[in-house]
Amino acid sequence: MSLKDQFGKDILLTGWGHSKFGKLTDDTLESLIVQVASEAIKNSGLDPKDIDEIYLGQFNSGMQPLGFTSSLALELSADLANVPATRTENACASGSAAFQQGVKAVLAGTARNVLVIGAEKMTDAGADVVGAALLGASYEMAGKASSTGFTGLFAEVAKHYGKRYGAGISGPGFENGLGDVLGSIAAKNHRNGMDNPYAQMHRDFGEEFCRTISEKNPMVAEPLRRTDCSPVSDGAAAVVLSTSATGGATAPVRLAGFGHANDFFPAEKRDPTEFAATRASWERALGMAGVGLEGLDFAEVHDCFTIAELIMYEAMGLTPRGEGARAVQEGWVYKDGKLPINVSGGLKAKGHPVGATGVSQHVIAAMQLTGTAGDMQLPNARRGAVQNMGGVGIANYVSVLEAV
């Protein structure tokens with residue numbers, strides 16, 4: 001079974017664009033959207049007049065004064081006049097929400113070519129505004145003051161995980177248990193980010209620095225250090241979805257399967273270490289694609305905090321629950337491991353402009369599958385997965401992509 005078997009048509013990623021991520025003081029939200037939209041359409045081999053619908057993923061939540069952004073992409077060309085355009089919002093999964101809405105428009109037959117954009121401009125706002133905006137994705141903390149912001153929510157997840165499973169984390173080089181594992185994940189992703197020209201952070205900090213509390217790597221919310229947290233970012237990415245090849249600059253990439261699952265919002269209704277809806281989104285995407293993890297060559301996952309990546313190893317089925325540390329200790333998730341994770345540097349090093357993240361992950365995966373990922377390129381990458389979530393495992397999206 002595959003997406004084509006289920007729906008009777010292919011969904012192809014035929015063109016894409018990606019901006020630099022970081023503090024982009026010379027760019028506006030509009031300029032970023034126009035830049036990546038232009039790149040994606042041009043690389044697809046299409047013209048603006050060929051676009052039937054537009055979806056824009058953007059969280060915003062008060063970080064930008066303009067709250068009505070769906071038509072910004074139309075500034076690219078007069079030929080986009082009257083094209084339907086919709087903004088989607090699902091917290092940090094807003095980009096993947098836009099992607100799946102675009103997929104469904106193509107599957108419904110109401111569009112042949114859909115432009116999907118993810119964009120966010122976060123650094124224009126002060127730290128207090130950004131913190132309050134992100135806390136808007138918490139049922140318990142929305143509208144409340146917090147000294148640790150969203151980091152504090154994932155710190156609680158890490159505390160629960162350490163209490164439940166921490167005693168089982170041991171072995172040479174991991175004497176400090178969970179803290180060392182999280183430090184190794186951070187170091188891995190910073191090392192990978194060195195090869196990503198779009199990444200916000202180009203610095204290989206090394207494991208010792210990432211594992212150690214210091215003046216330059218302070219504790220933000222115990223047990224999460226600064227290196228356990230993704231940065232505040234600006235950036236955008238775009239992709240064109242089509243029903244058939246469009247003669248683009250590279251070969252297209254096929255969407256083999258997708259999944260979406262939402263969990264209950266109140267924390268009391270969720271196991272803080274299970275991420276049950278995240279697991280469901282993985283099962284749905286892999287089931288539609290008709291593959292297991294052994295059929296994947298890489299995955300880009302949502303490491304907003306290092307504890308999120310650790311739990312992702314378990315939610316995706318790479319290890320049993322409570323044993324995610326094995327994937328790090330045994331080298332499975334490194335570039336030369338059996339399932340490389342976040343070869344782009346992940347949100348940790350690439351940056352996390354929240355509405356852009358999901359689309360960025362799809363673009364990076366498409367580059368891998370077309371052999372155009374440059375220094376990030378893995379050998380013989382034929383199939384990969386993308387996982388993006390909003391909130392603490394609340395809104396969850398997974399895509400399985402494959403080379404054509």
Side-chain angles (χ1 to χ4, degrees), residues 16-41 54-76 80 85-99 101 115-137 142 149-151 193 196-202 229-239 302 304 344-364 388-391 395:
W16 42 84
H18 201 296
S19 78
K20 172 77 175 172
F21 280 7
K23 184 176 176 61
L24 307 179
T25 55
D26 294 333
D27 290 290
T28 64
L29 180 69
E30 180 179 329
S31 70
L32 288 168
I33 288 171
V34 170
Q35 173 197 331
V36 297
S38 176
E39 290 176 7
I41 294 172
I54 299 169
Y55 285 95
L56 168 66
Q58 185 207 13
F59 180 45
N60 194 353
S61 192
M63 292 183 287
Q64 286 283 311
L66 182 64
F68 182 39
T69 54
S70 57
S71 282
L72 288 180
L74 274 60
E75 296 306 303
L76 169 63
L80 290 174
T86 304
R87 174 187 164 220
T88 66
E89 187 281 306
N90 225 352
C92 296
S94 295
S96 286
F99 182 87
Q101 289 303 116
L115 173 64
V116 177
I117 306 164
E120 208 75 67
K121 193 77 167 64
M122 302 175 71
T123 68
D124 291 345
D128 56 337
V129 175
V130 174
L134 296 177
L135 280 176
F150 222 77
T151 308
N196 184 351
Y198 304 112
Q200 178 169 351
M201 303 183 74
H202 285 116
C229 311
S230 58
V232 171
S233 313
D234 305 329
V239 64
H302 193 98
C304 50
S344 69
L347 287 56
K348 180 73 226 34
K350 182 179 62 175
H352 184 28
V354 290
T357 287
V359 183
S360 166
Q361 291 173 310
H362 285 86
V363 170
I364 295 294
N388 183 207
M389 71 180 177

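Values reported hereafter were calculated over all heavy atoms of this structure, with side chains retained and with hydrogens, waters and symmetry mates removed.
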If you look at every heavy atom in [X] and [Y], which pair is closest and at what distance?
X	Y	answer
A97	N90	CB-CB, 4.1 Å
G17	E39	CA-OE1, 3.3 Å
A356	F21	CB-CZ, 4.2 Å
A119	A236	CB-CB, 3.8 Å
L80	A73	CD1-O, 3.4 Å

For L135 and F150, run side-chain contact (heavy atoms from CB on, under 4.5 Å): C-alpha distance rounded to whole Å, both residues' side-chain angles, the deciding distance at 0.1 Å, then the answer.
CA-CA 6 Å; L135 280 176; F150 222 77; 4.2 Å; yes
Looking only at atom types and distance, does a side-chain atom of [X] sit under 3.5 Å from a main-chain N or O of [Y], one as donor and one as acceptor?
X	Y	value
D234	L24	yes
Q64	E120	no
S31	T28	yes
N60	F68	no
K121	G235	no
D124	M63	no
H202	N196	yes
E89	A91	yes

For I54, the option from L115, T86, I33 that meets side-chain contact (heavy atoms from CB on, under 4.5 Å)
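The side-chain contact (heavy atoms from CB on, under 4.5 Å) with I54 is passed solely by L115 among L115, T86, I33.
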Determine whether T69 and Q58 satisfy the following criterion, side chain to side chain donor-acceptor pair (under 3.5 Å), listing intermediate values before the conclusion.
CA-CA 8 Å; T69 54; Q58 185 207 13; 2.7 Å; yes
For a 4.5 angstrom cut-off between non-hydrogen side-chain atoms, does T123 reach V232?
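Yes; the side chains approach each other to less than 4.5 Å.
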Atom pair CD (Q35) and CD1 (I117), whose distance is rounded to the nearest 0.5 Å:
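If we round to the nearest 0.5 Å, Q35:CD and I117:CD1 are 11.5 Å apart.
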Gap separating the CZ atom of R87 from the CG atom of L72, nearest 0.5 angstrom:
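Nearest 0.5 Å value for the CZ-CG distance: 10.5 Å.
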I'd like to check the ring pair (Phe, Tyr, Trp, His ring centres under 6.0 Å) partners of F99; sequence neighbours left out, ordered by chain and number.
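Listed in chain order: H362.
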Before you tell me yes or no, could you show the steps for W16 and V359 under side-chain contact (heavy atoms from CB on, under 4.5 Å), namely the whole-Å CA-CA distance, both residues' side-chain angles and the distance that decides it to 0.1 Å?
CA-CA 9 Å; W16 42 84; V359 183; over 6 Å; no
Would you kindly say whether S233 and Q200 are connected by a side-chain donor-acceptor distance under 3.5 Å?
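Looking only at side-chain atoms, Q200 and S233 do form a donor-acceptor pair, the distance falling under 3.5 Å.
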According to the salt bridge (charged side-chain N to carboxylate O under 4.0 Å, His left out) rule, which pairs have a member within residues 349-363, sequence neighbours left out?
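The answer is none; no pair qualifies.
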